[in-house]
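Remarks on the structure that follows.
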Protein chains: 2
Amino acid sequence: MLSERQRMILNAIIDDYIRSAEPVGSRSISKRGDVSFSPATIRNEMADLEEMGLLEQPHTSAGRIPSIKGYRYYVDHLVKLGGVGDQDVRTLRTFFAEKMNRWEGIVEHAATILSQMTNYTSIVLGPEMFHTTLKHFQLVPINDVSAVAIIVANTGHVEHRTITIPDGVSMDDMTKTVNLLNERLAGVPFYKVKSVLHSEIAKELSRYVEHCEDILSLLDQTITEEQEPKVYLSGASNMLTQPEFKDVDKAKTILEMLEETQMLMQLFQSNSDGIQVKIGTENSLEAINHCSLITATYSFDGQSLGTIGILGPTRMEYGKVISLLDYLSKDIAQLMSRWHK
Amino acid sequence: MLSERQRMILNAIIDDYIRSAEPVGSRSISKRGDVSFSPATIRNEMADLEEMGLLEQPHTSAGRIPSIKGYRYYVDHLVKLGGVGDQDVRTLRTFFAEKMNRWEGIVEHAATILSQMTNYTSIVLGPEMFHTTLKHFQLVPINDVSAVAIIVANTGHVEHRTITIPDGVSMDDMTKTVNLLNERLAGVPFYKVKSVLHSEIAKELSRYVEHCEDILSLLDQTITEEQEPKVYLSGASNMLTQPEFKDVDKAKTILEMLEETQMLMQLFQSNSDGIQVKIGTENSLEAINHCSLITATYSFDGQSLGTIGILGPTRMEYGKVISLLDYLSKDIAQLMSRWHK
DNA sequence: GTTAGCACTCGACGCATTGGAGTGCTAACG
DNA sequence: CGTTAGCACTCCAATGCGTCGAGTGCTAAC
């Protein structure tokens, strides 16, 4: 579809624009080593590329900038995945050498390091509990009326709630219930827990324990509620570094969106495995129509557990970011499997 | 020190400036109902107030703006604590009516609601474990080599770590140790846990259990490590609403600081109980020399546990914010005591 | 097919002009 | 003596204008 020369020119324009954030003229392309044609020739090709919708002109006498479609072509056909630089590899080594003793720690830290290494904004989705299995369930009484319910997953993930013990339920009842739950639910994936709870356990429990409906509904809530993964955000202020957001209002729109967890979840919805690149309006949210989002999933035990992502201007260093996300997501998976070997 | 009229004028100027963000002229003060003197008279007083260092002039032919010292005087002597508005009270009612089942939930939610109600940035310090006591300690084995250590405080606060079980330590040893710990440490405040662990428990443990040094040092780490409270931030983007930060660079400096948890902790250092107002350069960090920070501590059982705070421009609605923080901090305390009654 | 040359476009930048808000001072007033 | 009207002065902010230069599209020559 595109001639070799057109591809080179397109590539050169996008590279330049990514670096400079300013419309690229025919002259500056011609002066680069890699495309040795005169400005006039390049202008002709540029006009063609514009007709195809790959380039745009902010105004008549300005250079060209890539369109969404242009970036898409670049990402699909042109971008060079250079791998991760030595410096970055070292940073990551240090990162993974640090002592990590909580899931949340790893994931949160990963977000920080991502934003620092890229100077973009990173968004990381913590592990989903959906596909993990229940390891242990426990109630720790705090006082007469309340207790802490603790749920441990096979991945080492821990969730907890403070619950109020229903009237008329004795400590003994609770203990019995908890024991039964551990017996029956250990090893059950969380997405099945609810049904098992109602089908198998409810009946049996009703033999030993009074008020078991109260207890069950309480536990039901406790276990199913809020299994939504946590969202970690880092480097939102990096957005302000980008010249495209020198206008405070634009910056504000984006930062406001970033503060809403719901919105972020929505961004990550079409969550197929592997690396995904969403450019500009390809994203579902209008607020980031001038941004690109690159995501990668990390997995444990073959199951994709969560997502790491980078949000930046459409004029983003795609090659670098894609390489990095790929590398890091695999490293996280590896770290986790080493942890739970 | 100040005449009644000077105080009225100072008050009027600051009120106006807080509303408009623009230097206040003598004419506009004179036209307000509350100070019925001619502009000329007011100009004289303004000159005096400037000499005293309470007002400043951006340039010769502009109106006056309050200086840090001026704001200080305003906060100390003039500001009217109007209490919390009806609308706000209702919002808070709704907030506290919502079902809360985790400490983190309450505190995080409090941050959100604060920033929404004020349109400033809110910073909330989660509960310190330092003064709470240990309720329960537990190890849940995940696989052959690792286990999750869970610590529950009397407040219902839960901390957890994944730990790697030292070589040569049997599950039985671990269980014995955990049992002993629960026996001896239940009810002990966290700031004493470390010393009790080494003085009382170490000896006794060495009788039953092999490799007890390994286990102890591991537990020591686990328990003492990271008792730093969590920091919750909300509404950072509200900073961009303020005209003083229409310049992206200034905004960036502040937002960058807000992303560093360490910095935020430093802000909250001089943490005496009750409400504190730090205006402009009274803050330790240069980055927020044009901001004011208002903080209030919330407590449980007489012990101050954490801090809620609002960060805004020095030109901040002090009266409203102080009232609100006072109200909310007391409400949180009340909610907690009701929870654990 | 490629390139040099040229007229044209259009935003960015610098500069002078103007308008108005606000001051400080002085003199008059009660 | 405190208060106020009047006035000259200051200085920012907004506006308009001319210039500059980067870049284009087109045409004609190579």
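Numbers restart at 1 for each chain; the letters A, B, ... are given by sequence-line order, proteins then strands.
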State whether the side chain of A:Thr297 and the backbone N or O of A:Thr307 hold a donor-acceptor pair below 3.5 Å, judged by distance alone.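 The answer is no, because no donor-acceptor pair under 3.5 Å joins these two groups.
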
Once you round it to whole Å, what is the distance between [atom2] of [N] and [atom1] of [X]?
{"X": "B:Phe37", "N": "C:dC29", "atom1": "CZ", "atom2": "C1'", "value": "16 Å"}
{"X": "A:Glu22", "N": "C:dA12", "atom1": "CD", "atom2": "C1'", "value": "11 Å"}
{"X": "A:Glu4", "N": "C:dG1", "atom1": "CD", "atom2": "P", "value": "18 Å"}
{"X": "A:Gln6", "N": "C:dT2", "atom1": "CD", "atom2": "P", "value": "11 Å"}
{"X": "B:Tyr17", "N": "C:dG22", "atom1": "OH", "atom2": "P", "value": "14 Å"}
{"X": "A:Leu55", "N": "D:dT24", "atom1": "CG", "atom2": "P", "value": "11 Å"}

Does a side-chain N or O of [X] approach OP1 or OP2 of [N] to a distance below 4.0 Å, or not?
{"X": "B:Arg27", "N": "D:dA5", "value": "no"}
{"X": "A:Arg64", "N": "D:dT24", "value": "yes"}
{"X": "A:Thr60", "N": "C:dC8", "value": "no"}

If you round to the nearest 0.5 Å, how far is [atom2] of [Y] from [atom1] of [X]?
{"X": "B:Leu325", "Y": "B:Ile275", "atom1": "CG", "atom2": "CD1", "answer": "6.0 Å"}
{"X": "B:Ile42", "Y": "B:Ser28", "atom1": "CD1", "atom2": "OG", "answer": "8.5 Å"}
{"X": "A:Ser234", "Y": "A:Leu114", "atom1": "OG", "atom2": "CG", "answer": "8.5 Å"}

Expected output is a numbered-order residue list: members of residues 38-52 of chain A with a heavy atom under 4.0 Å from any atom of DNA chain C. What is it?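 A:Ser38, A:Ala40, A:Thr41, A:Arg43, A:Asn44, in order of number.
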
Starting at the 5' end of DNA chain D, what dot-bracket string do you get if Watson-Crick and G-U pairs under 3.5 Å are bracketed, crossing pairs use [ ], other-strand pairs use | and unpaired bases use dots? ||||||||||||||||||||||||||||||

Can you name the closest pair of heavy atoms from B:Tyr17 and B:Arg315 and give their distance?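 Shortest heavy-atom separation between B:Tyr17 and B:Arg315 comes out as O-CD, 3.2 Å.
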
If you only use heavy atoms from C-beta on, which nucleotide in [options] is closest to the side chain of [X]?
{"X": "A:Ser61", "options": "C:dT23, C:dT9, D:dC11", "value": "C:dT9"}
{"X": "A:Gln57", "options": "C:dC10, D:dG25, C:dT2", "value": "D:dG25"}
{"X": "B:His59", "options": "C:dT23, C:dT2, D:dC12", "value": "D:dC12"}

Check this for me, if you would: do B:Lys320 and B:Asp88 make a salt bridge, where the nitrogen-to-carboxylate-oxygen distance has to be below 4.0 angstrom?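 The answer is no: the pair does not qualify as a salt bridge.
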
Do the ring planes of A:Tyr74 and A:Tyr318 sit parallel (below 30°), tilted (30 to 60°) or perpendicular (above 60°)?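 Ring orientation, 0 to 90° scale: perpendicular.
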
Name the one of A:Lys69, A:Gln6, A:Arg64, A:Met46 that satisfies side chain to side chain contact (heavy atoms under 4.5 Å, CB included) with A:Leu54?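 Only one of A:Lys69, A:Gln6, A:Arg64, A:Met46 forms a side chain to side chain contact (heavy atoms under 4.5 Å, CB included) with A:Leu54, namely A:Lys69.
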
The single option from A:Ile123, A:Leu264, A:Ile294, A:Val321 passing side chain to side chain contact (heavy atoms under 4.5 Å, CB included) against A:Leu311: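 Output: one option passes, namely A:Ile123.
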
